[in-house]
Protein chains: 2
Amino acid sequence: MEPRHGAKGDTVVDFLMQAIQAGRFVPGQRLVEADLTAELGVSRSLLREAFRRLSAEGVIEIVPNRGALVRRLTMTEAMELFEIRLELEALAARLAAEKIADPGTRERFERRIAPIWEEVPRFSTSDYLAENRRFHAAVFEAAGNGQLVKLNSQLQLSLIMAQIASELTGDVMMESLHEHRVVASAILAGDAAAADAAIRGHLSRARDFVRAIRPEVFRAGRPGEAVPFSKAEFAGTIEKSP
Amino acid sequence: MEPRHGAKGDTVVDFLMQAIQAGRFVPGQRLVEADLTAELGVSRSLLREAFRRLSAEGVIEIVPNRGALVRRLTMTEAMELFEIRLELEALAARLAAEKIADPGTRERFERRIAPIWEEVPRFSTSDYLAENRRFHAAVFEAAGNGQLVKLNSQLQLSLIMAQIASELTGDVMMESLHEHRVVASAILAGDAAAADAAIRGHLSRARDFVRAIRPEVFRAGRPGEAVPFSKAEFAGTIEKSP
DNA sequence: AACAGCAAAATTGTCCGACAATATTGCCCG
DNA sequence: CGGGCAATATTGTCGGACAATTTTGCTGTT
């Protein structure tokens, strides 16, 4: 089951990405090379390449001489990302509505979003995060524009959600789920204008919700500024292999 | 003049980026590690990190076991990128028009785009490429959204232009320059709607021009497919240090 | 007890050399 | 001339090494 020569780096990237999305590494947490090479059993070279890739994707940050840490957004950055996502996902929703007539596209889209129709009284935060991620990814994929799918990953939906996860309530999540259904319906009906409006409404409300969150949840300072950094800050959260 | 510890990698990235934009490395050309480490006097580790970063920015492509090559777009990819740029740059233009009242923003924008007002009868292709790059970058910067500026680099304007450079005529470049002036005027007048319309018109025309180019200029096959690859294809274009 | 300063330890940045895996080229042969 | 195989070139990954830099820990002083 060894991955073929040249694909080992992907394994490391996938591992880190999943660990971050699963919340094992939280925004702001430092990623120490020595610990991770020991745990993953790969060399520093490989780990550092993985860091570079994740950094380019905007998932982690590399501070010279201080290493890598899970990216923690400032409020400003989060708002800027919402502003961009609004346009890009509206475009994706319109394209998706136009292309949904194609059987392959429709089939894939319906399969991807199937979970949103389930009648759940309430769900766990981590279930919601996964559903949310899948739903938005499905919209981008249905648009049939490969470059757009790539850009979606730069919009850091997962990161924003991971950061504000503690502020989510059951009501908010249920409301979001309902909005997803409205968007999905518009796309499935092939109504581009309605899909555009629905997604813009959904994202605007999400943005307003995030904007109202207490500022301590976000990184302080201007975007791109020096990052506060100290081992003590996250002591104990980094698990070494016994 | 030694760059400080930890910034040497940036030097390599900058060098490669410039070499590509200057046309020394053309789309599709292979980048051999051994040659570049010899020329730049850096280790393979550093060069490979630079490759990873450029690959993440979409400037080069890394094919497992076959190394790095300057990215060469398919027609489909180019069209997809135009579709995205249309929305994103329209957003940037609107934001720029709204923020142009701010003296700092206005001053910087005017300085950056100053060259477009010059009365030149005609200019060289490479001058045009540089001007074009600067103009679009200026629009994104004036929008005052840091994340948007980062995304601009993913839209591969330089790559598209480098690839089609041979098809550009003096007339086309002059027409483009005039359109830049219209966009700039709308932004400087603070008219968001006009700026939006002007940039959409400009980009639509550019897209149509590119779409009409003979297909041999673009990479064949579906996006993301295996890349044709052979040393002979570019033999002699890779200069080794004597 | 708070604190400034300094030495020790931890961590990252970069290089080098090595070897296996894979791709490309060159050559031989029918 | 085309196919096939060996030689060569190139990349993927590792491990170790050492300098630069940051972080931690200690110590004595006020």
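Below, read A as the first sequence line, B as the second, and so on, with proteins coming before strands; counting in each chain starts at 1. No experiment lies behind these values; they were computed from the predicted model shown.
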Quiz item: Do NZ/NE/NH1/NH2 and the carboxylate oxygens of B:R211 and B:D208 come within less than 4.0 Å?
Solution: yes
For [X] and [N], give me the distance from atom [atom1] to atom [atom2], rounded to whole Å.
| X | N | atom1 | atom2 | result |
| --- | --- | --- | --- | --- |
| B:R53 | C:dG13 | CZ | P | 10 Å |
| A:L69 | C:dT12 | CG | P | 11 Å |
| B:E33 | C:dC16 | CD | P | 14 Å |
| A:L47 | D:dG15 | CG | P | 13 Å |
| A:R44 | D:dC14 | CZ | P | 13 Å |
| A:N65 | C:dG13 | CG | C1' | 7 Å |
| A:E49 | C:dG13 | CD | C1' | 15 Å |
| B:K8 | D:dA20 | NZ | C1' | 12 Å |

Quiz item: If you round to the nearest 0.5 Å, how far is CG of B:L88 from CD1 of A:I84?
Solution: 6.5 Å
Among [options], the nucleotide that comes nearest once only the side chain of [X] is considered:
| X | options | result |
| --- | --- | --- |
| A:R30 | C:dT24, C:dT14, D:dT23 | D:dT23 |
| B:S43 | C:dT11, D:dT13, C:dC15 | C:dC15 |
| A:V42 | D:dT11, D:dC14, D:dT21 | D:dC14 |
| B:R66 | D:dT11, C:dT24, C:dT12 | C:dT24 |
| A:V32 | D:dT10, C:dC15, C:dT12 | C:dT12 |

Quiz item: Is there a side-chain contact between A:V42 and A:L36, using heavy atoms and a 4.5 Å cut-off?
Solution: no
Quiz item: Between B:F51 and A:L46, which has a closest nucleotide on DNA chain D that is more 5'?
Solution: B:F51
Quiz item: Taking B:N152 as the fixed residue, which of B:H136, B:Q147, B:R85, B:E89 is the one that meets the side-chain hydrogen bond (donor to acceptor under 3.5 Å, both in side chains) rule?
Solution: B:R85
Quiz item: So among B:R44, B:R53, B:R52, which one has a salt bridge (Lys or Arg N to Asp or Glu O under 4.0 Å) with A:E49?
Solution: B:R52
